[in-house]
Amino acid sequence: MRTPASAAFEPLPLGSVRPSGWLRDQLLAQARGGTGRLEQLWPDVGPSSGWLGGPGECWERGPYYLDGLVVLAEVLDDDDLRGTARKWIEWSLASQRDDGFFGPAHNLDWWPRMVMLNVLLSHHSATGDDRVPPFVEKYLRYAYLNLPGRPLEMWAAARGAEMVPAVLWCFERTQQPWLLDLAQLLVAQSLDWESLYRDFPYTSPAARLPLGRLLRAYLPARIAMEDVIRRWRPAKRTRIRTASQIKRSNESAVLRFYHGTHGVNHAMALRGIAYAASVTGGDPNRAARLADDTVQQSHGSAVGVVTADEHLAGRSPIHGIETCSVVETMRSCEELVRLTGNGRWADRLEQVAFNALPAALTDDLLGHQYYQQVTQVEVTRRRRPWFNGGADGTLFGLEPTYGCCTANLHQGWPRLAASAVLRSRADDGLALATLVPCTAVADIAGSRVRLEVTTLYPFEGQVSVRITVSDGQSADFPLRIRVPGWVDGVSFDIDGAPVPADIVAGFATLARPWHDGTTVTMRLPMPLRQTRVPLGPQTSGDQARGGDDARGRVIHRGPLVLCLTLPEEWTARRSRYEVPDWEIRTSSEWAFGLEEDALDRAQVTTHDVPTPPFDHGHPPVEVLVPARQLNGWTVARGSAGPVPTATTAGAAPTGRPATVRLVPYGSTALRVTVFPDSDR
């Protein structure tokens, strides 16, 4: 049996990296808000949860919530949050049967246990709890013995590679060959993402395809029925079916289409395809690039997340991006940095984390959107051309559509902090993979080494790393600092003296004895730049289909996407919970195109980073650019409608000139991000 290839990096024990600066402010807000209070606000993770032994929801929501909560508690060193998590951990550990099965007894689904295994590995990383290794091994033995007769199905079949990290973790500790057989079995029973991407059948939005039209006709009735069922049977139960029944179901055209076009599945497959390659002898980086390049070409967005509401929706900026897809894309990129050592994935991670993630959340994290739109001119309760999901899709609320995002969003910011600094397996060095303010402690070269990262990045372009050595002497090890792929002209100095740096795969390596108190400073120029992306629907007919042939302009500064900000009028609407649902409108004009020389005439102003850092009223970066109003560009079905052209009947293509204000995408709820040229 082939032994899986080693990862390029390994994470430091959970709690070794702690946020500072603006990132700590963000995580403290999360601890005080949505994550710290969720059990009191949302019954699905309250005392009746099936993952606490109660009669309530017993599928993925408890494990999802814990997956963020445990990491948040450790990166903040917060005993209150640890206490909140402890009862869940203790119940899960105590639930294991003699045969290895654990969790709610009346739910046999493999999928939520994959998530809970990740939770337990995080808990062990932070605490060294010696109950976890035998627990994990015992459950994996149960899976090894039972998967042949009860294969992966539904979500577990689409996401089966999610169990592979636990299998490889256990193999590294025990070297038992049957674990590698289990890893192969998981890959074999999972959806074959590599084959799907090599001959990708979903280059058009799912709603345009025959099976998509069939599902769209079926799903609204199904959603209504699920709402009725939930009132009297909130716990999800799994039918016991034979292996042949499960196989036939997995191979059905409808289910293959459903899971093969599901946006969150694609976000997870970005790492899942790399896990599978590491097991089968492939190249994880090549496999992930195949997945990324394929799906981004047809369904990518300006903020780095697949457009899917909930199914693949093309590249129109008015279609939805699910919050689960945001945090799962981040998780995939973090894992791909670890597996491959390639800075490309950290670039994508920052693109998502500094744009799509804050835009999806309210400042206190008590509210989130199920779907965000890249260009979003109103947030209202109304039907939009989603593939799936109700009229509440864009509202900010506790559970504005389905509850998966309510449970899953908590991992986003904490895992970004925890994965910022990694250890290099090849040479026992340290790598700053994500450019965020933090401190990290590790035993390196026989000494206790502390890195203190000071930066206002992504809002400014200087990153300083101060190195402290425990014995006050020196430690000889390579320090890698990621250089973003968009940078031209990076420079480094050590204690003020310029030094050259060898940049390979997106990392600059500085190898030398590091004296106690040495400071490395990286300076990143951050000029404005632009990219061309699909502009969106051009006719009323295309609006319904999500057409995206024409191109528009997106403005960037460093990793930040900049967009036209609009005055926001927030209105609280009725909700099932203590937290209201929020609609947001504006009375301001929003229909502008940029002048051709807009970047040459732009005026950039930076301010102190506020608390919270993506405060809508006090953006840390503002850019004034020349634009021109576009007559005839109006709202259609709650979204920005077709862009007028010179041939559009009854509409002059351009209007008066104006100067418009651009701010970071994450500092907005209403915005225009993809700009037409003003001479259309």
Side-chain angles (χ1 to χ4, degrees), residues 203-209 212-213 216 298-303 307-309 311-321 371-380 382-387 389 391 393-394 530-555 561 563-564 566 584-596 598 627-658 660 665 668 670-680:
T203 54
S204 296
R208 297 185 190 175
L209 303 175
R213 291 194 290 270
R216 290 188 83 192
S298 299
H299 307 283
S301 72
V303 292
T307 301
D309 45 28
H311 296 263
L312 297 174
R315 300 195 66 187
S316 168
I318 66 164
H319 274 275
I321 293 174
Y371 295 135
Q372 64 179 274
Q373 297 170 291
V374 169
T375 288
Q376 184 167 269
V377 295
E378 69 175 54
V379 170
T380 52
R382 64 178 299 166
R383 298 293 297 185
R384 288 176 172 80
W386 311 136
F387 185 98
T394 63
Q530 67 179 16
T531 56
R532 292 276 179 175
V533 301
L535 182 59
Q538 298 305 294
T539 71
S540 297
D542 280 347
Q543 171 120 353
R545 300 194 308 270
D548 55 13
D549 294 334
R551 312 293 283 182
R553 302 160 73 184
V554 175
I555 309 303
V561 172
C563 54
L564 170 68
L566 301 169
I584 310 170
R585 292 180 171 84
T586 188
S587 57
S588 176
E589 297 176 346
W590 56 266
F592 293 93
L594 298 184
E595 298 284 20
E596 184 62 30
R628 190 173 291 270
Q629 187 176 10
L630 297 183
N631 296 328
W633 192 16
T634 59
V635 173
R637 297 175 64 187
S639 302
V643 180
T645 68
T647 59
T648 302
T654 59
R656 62 177 179 81
V660 298
Y665 180 101
T668 67
L670 302 180
R671 55 189 167 261
V672 176
T673 305
V674 182
F675 291 96
D677 293 321
S678 63
D679 59 353
R680 289 189 58 79

Worksheet entry | Taking every non-hydrogen atom, the tightest pair across Val672 and Trp633 | CG1-CH2, 4.1 Å

Practice prompt. Nearest 0.5 Å please: distance from the CG atom of Leu312 over to the OG atom of Ser298.
Written response: 8.5 Å

Worksheet item: Taking side chain as C-beta onward, heavy atoms only, is Leu594 less than 4.5 Å from Ile555?
Response: yes

Practice prompt. Measure across Ala302 and Val374 and return the closest heavy-atom pair with its distance rounded to 0.1 Å.
Written response: CB-CG1, 4.3 Å

Fill in: Contact check, side chains of Thr307 and Ser316, non-hydrogen atoms, under 4.5 Å
no

Worksheet item: Any idea which heavy atoms bring Pro657 and Arg628 closest together, and the distance?
Response: CD-NH1, 3.7 Å

Worksheet item: Distance from Leu566 atom CG to Ile584 atom CD1, nearest 0.5 Å?
Response: 11.0 Å

Worksheet item: Quick one: are Pro317 and Thr673 in side-chain contact, heavy atoms under 4.5 Å?
Response: no

Item to complete: Using modelled atom types only, decide if a donor and an acceptor are shared between the side chain of Trp386 and the backbone of His319 within a distance under 3.5 Å.
Response: no

Worksheet entry | Rounded distance [0.5 Å steps], OG1 in Thr394 versus CD1 in Ile318 | 12.0 Å

Worksheet item: Going by distance alone, is a donor N or O of one side chain under 3.5 Å from an acceptor N or O of the other, for Gln373 and Ser639?
Response: yes

Worksheet entry | Close side-chain approach of Phe675 to Leu630, heavy-atom, < 4.5 Å | no

Practice prompt. Could I get the full list of side chain to side chain donor-acceptor pair (under 3.5 Å) partners for Thr380, not counting sequence neighbours?
Written response: Glu378, Arg384

Fill in: Shortest non-hydrogen contact from Pro385 toward Asp309
O-OD2, 4.4 Å

Worksheet entry | Arg585: partners by salt bridge (charged side-chain N to carboxylate O under 4.0 Å, His left out), with sequence neighbours left out | Glu583

Worksheet item: Does the side chain of Cys563 reach to within under 4.5 Å of the side chain of Thr668, using non-hydrogen atoms?
Response: yes

Practice prompt. Can you label the angle between the Phe387 ring and the His311 ring as parallel, tilted or perpendicular, going by 30° and 60°?
Written response: tilted

Discussion item. I need the Asn631 CG to Thr634 OG1 distance, nearest 0.5 Å.
Written reply: 11.0 Å

Fill in: Heavy-atom closest pair, residues Ala207 and Arg213
O-CG, 3.4 Å

Worksheet entry | Shortest non-hydrogen contact between Ala636 and Gly641, atoms and distance | CB-CA, 3.9 Å

Discussion item. Are Val377 and Thr586 packed together at the side-chain level, in the sense that at least one heavy-atom pair is separated by less than 4.5 angstrom?
Written reply: no

Discussion item. Please check this pair: side chain of His299 against backbone of Gly314, looking for a donor-acceptor N/O pair closer than 3.5 Å.
Written reply: yes

Worksheet item: How many angstroms lie between CD in Gln530 and CZ in Arg553, if you round to the nearest 0.5 Å?
Response: 4.5 Å

Fill in: Any side-chain heavy-atom pair of Leu564 and Phe592 under 4.5 Å
yes

Discussion item. Could you tell me if the side chain of Val635 sits less than 4.5 Å from the side chain of Trp590, heavy atoms only?
Written reply: yes

